[in-house]
Number of protein chains: 2
Amino acid sequence: MLSLHQLRCFLATLEHGSFTAAAGALGYAQPSISEQVRLLEQQLDTTLFRRVGRGLVPTEAARALQPHASAALAAVDEAGRAVASVRELLTGTVRFGVFRTARFYLAADLVADVLQRHPGVRIELVGQNSAEVLEHLRKGRLEAAVIALPVEDENMVVTPVLRDELVYVSADPTRLHARITPADLAAAQLVLPDASWRETDTTRRQLAQAVQRTGHPLRPRIEVEDTETALDIAARGLADTVTWRGVLHGLGDRLPAGLGWAPLRPAMYETFAVVHREGELSPASRVVVDLVTARMRGLDRAMRARTG
Amino acid sequence: MLSLHQLRCFLATLEHGSFTAAAGALGYAQPSISEQVRLLEQQLDTTLFRRVGRGLVPTEAARALQPHASAALAAVDEAGRAVASVRELLTGTVRFGVFRTARFYLAADLVADVLQRHPGVRIELVGQNSAEVLEHLRKGRLEAAVIALPVEDENMVVTPVLRDELVYVSADPTRLHARITPADLAAAQLVLPDASWRETDTTRRQLAQAVQRTGHPLRPRIEVEDTETALDIAARGLADTVTWRGVLHGLGDRLPAGLGWAPLRPAMYETFAVVHREGELSPASRVVVDLVTARMRGLDRAMRARTG
DNA sequence: GCTGTCCAAAGGCATTTCCTATAGATCGAA
DNA sequence: TTCGATCTATAGGAAATGCCTTTGGACAGC
């Protein structure tokens with residue numbers, strides 16, 4: 001089969017006009033070049049140079065071959081550069097898994113950070129739900145992610161980065177007394193997000209367990225997909241909801257007007273962790289992992305400070 | 001150094017999703033593919049596939065590499081086809097050496113013939129002069145040619161194809177008596193072509209030898225480069241000239257009006273031969289050699305018939 | 001005719017390539 | 001959970017390839 005090396009030797013010979021000169025240019029001995037070109041001629045079943053006296057004269061076939069040989073070498077060159085560019089994070093796509101409500105914690109700031117450091121890259125933040133993201137990690141479709149614990153997989157490196165607390169949210173101040181108990185939750189008219197993931201979502205399961213201990217099922221009056229939709233509905237006074245303090249913190253003044261919150265007792269926590277498979281992480285993922293870790297931990301400190 | 005084989009293995013792996021499948025497709029054992037891809041990763045200093053469980057997941061680097069790898073393989077493929085196409089005479093350039101006045105013998109018909117049989121080829125008919133063309137042959141810049149004898153080179157295959165006779169040409173009928181002798185030539189006002197080649201041109205040398213035997217030098221009154229110019233001048237009555245019967249034959253009714261011709265005594269002949277180096281001739285040259293041989297021999301027969 | 005230059009051929013060493021066999025890991029099904 | 005099928009990684013050996021040095025032959029220029 002044709003090889004790049006043969007083409008290189010051929011082009012050098014064409015350029016320098018002799019095997020000897022080509023050998024000099026490429027740093028080989030003359031017979032090596034001679035052999036490579038002969039092999040090429042044999043494989044192409046044609047004569048590339050007429051051996052006349054002590055010189056070589058390229059044939060028509062050689063002239064026909066030249067541009068394509070150059071193109072092949074150029075493509076390989078370009079290939080190396082393209083890969084290097086991905087390796088150096090100059091181009092390419094960075095994929096990172098996130099839990100559904102990550103946007104309230106990381107917002108666009110994470111993306112801005114990455115883009116500022118690596119202006120050429122594309123970013124994909126993928127993930128509908130922590131369980132789904134974990135599955136992607138297991139299947140290798142994602143290298144790293146930030147998701148809610150627990151992650152029961154010994155092949156994963158799990159780095160907890162933020163502990164958040166579930167709070168009760170209502171537009172009615174009278175319902176925001178000091179301690180909201182599971183019994184209160186069971187009695188309340190609730191709107192809950194993550195309709196499609198209610199079977200696997202860890203928040204749902206925590207809530208359901210706590211309420212069920214009171215002898216009642218968790219039966220939200222309204223189910224929606226999106227956290228913000230749930231908050232909007234709560235703001236209209238149609239139902240109360242629960243959400244993470246981090247979400248309220250992240251929304252800031254974009255929180256629908258009129259909403260207040262109160263802690264649950266016993267408190268319910270969710271821990272988010274940066275997760276990736278054991279072994280080497282690609283530079284791209286490394287960058288995002290570090291940024292996310294730093295941001296989430298900063299947020300964690302900020303929220304604890306406010307509580308304290 | 002990056003090799004095509006590595007790229008082939010890489011692309012097959014990418015396409016089939018596993019080393020095993022790629023090996024099956026390429027007809028190798030699985031470890032061979034595995035090794036080639038590992039080598040490629042090593043040389044590119046990057047990971048192309050994440051080994052996850054029993055499958056492979058291409059990385060961003062792999063996606064960046066793919067189009068360039070394909071381009072390289074395509075270029076090589078194209079190279080092979082281009083060479084094959086030259087080999088099969090579908091395209092490419094046919095270079096053929098001709099003596100200066102060949103156009104009067106072969107005219108455009110030769111070109112038309114070649115083009116009709118091989119519509120893709122380019123044709124170059126090069127040559128200022130037989131001596132110059134012979135030199136090109138010796139240096140290997142030309143594969144084959146049709147030139148005037150003698151060719152004193154034992155490495156050349158010489159095939160005589162046409163014998164032509166030098167004739168005296170004048171616009172004055174009184175000077176066209178039956179036999180033009182060297183003495184007549186010495187006395188005549190002559191216009192001769194091939195001014196630049198008078199030292200090497202075989203016609204000139206033959207003429208000069210014959211005239212010098214009469215004790216006079218050959219001193220043409222006028223010298224021009226082109227045969228047709230010489231004939232034009234002769235037609236104006238400014239001087240007489242000599243030329244080959246084949247030229248008059250080839251010009252046909254494009255011969256300037258008013259010119260007549262007479263044979264020389266003793267007669268002077270020039271033999272044209274198809275000449276090429278010993279050994280294999282490229283298919284392209286073979287075609288032209290055969291065509292020229294046939295045409296010139298046909299012309300030779302036609303001219304002898306007219307004489308007889 | 002002599003000399004320097006170039007291509008071709010031969011022999012030998014080192015590397016690469018490819019194979020088989022096997023071990024380790026994982027996934028899906030029983 | 002276990003078993004079997006499937007895939008990758010590794011090891012070791014055989015074959016092929018690549019490259020070198022040496023040498024011979026042809027040619028060009030002095």
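Since the structure is predicted, the reported quantities are computational estimates derived from the model, not experimental observations.
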| said: When you measure from the side-chain N and O atoms of Ser34(B) to the phosphate of dA9(D), is any distance below 4.0 Å, counting only OP1 and OP2? | reply: yes

| Given dA8(C), dT8(D), dC18(C), which nucleotide is nearest the side-chain atoms of Phe19(A)? | dA8(C)

| For the side chain of Pro31(B), counting heavy atoms from C-beta on, which of dC7(D), dA21(C), dC18(C) is nearest? | dA21(C)

| Thr20(B) side chain near dC7(D) phosphate (N/O to OP1/OP2, under 4.0 Å) | no

| task | Ignoring backbone atoms, establish whether Arg51(B) has a side-chain N or O less than 4.0 Å from OP1 or OP2 of dA9(D). | result | yes

| Does any donor atom in the side chain of Glu41(B) or Thr46(B) lie under 3.5 Å from an acceptor atom in the other side chain? | no

| task | Taking only the side-chain nitrogens and oxygens of His5(B), find out if one of them lies under 4.0 Å from OP1 or OP2 of dC18(C). | result | yes

| message | Mind checking if Leu26(A) touches a base, just sugar-phosphate, or nothing, with heavy atoms under 4.0 Å? | response | nothing

| query | Can you find a heavy atom in the side chain of Ile147(A) that is under 4.5 Å from one in the side chain of Phe272(A)? | reply | no

| request: Answer with base, sugar-phosphate or nothing: what part of the nucleic acid does Ile33(A) contact at a heavy-atom distance below 4.0 Å? | output: nothing

| task | Tell me what Glu35(A) touches on the nucleic acid: a base, only sugar-phosphate, or nothing, going by heavy atoms under 4.0 Å. | result | base

| task | Using only side-chain N and O atoms of Gln30(A), determine if any of them is under 4.0 Å from OP1 or OP2 of dT21(D). | result | no

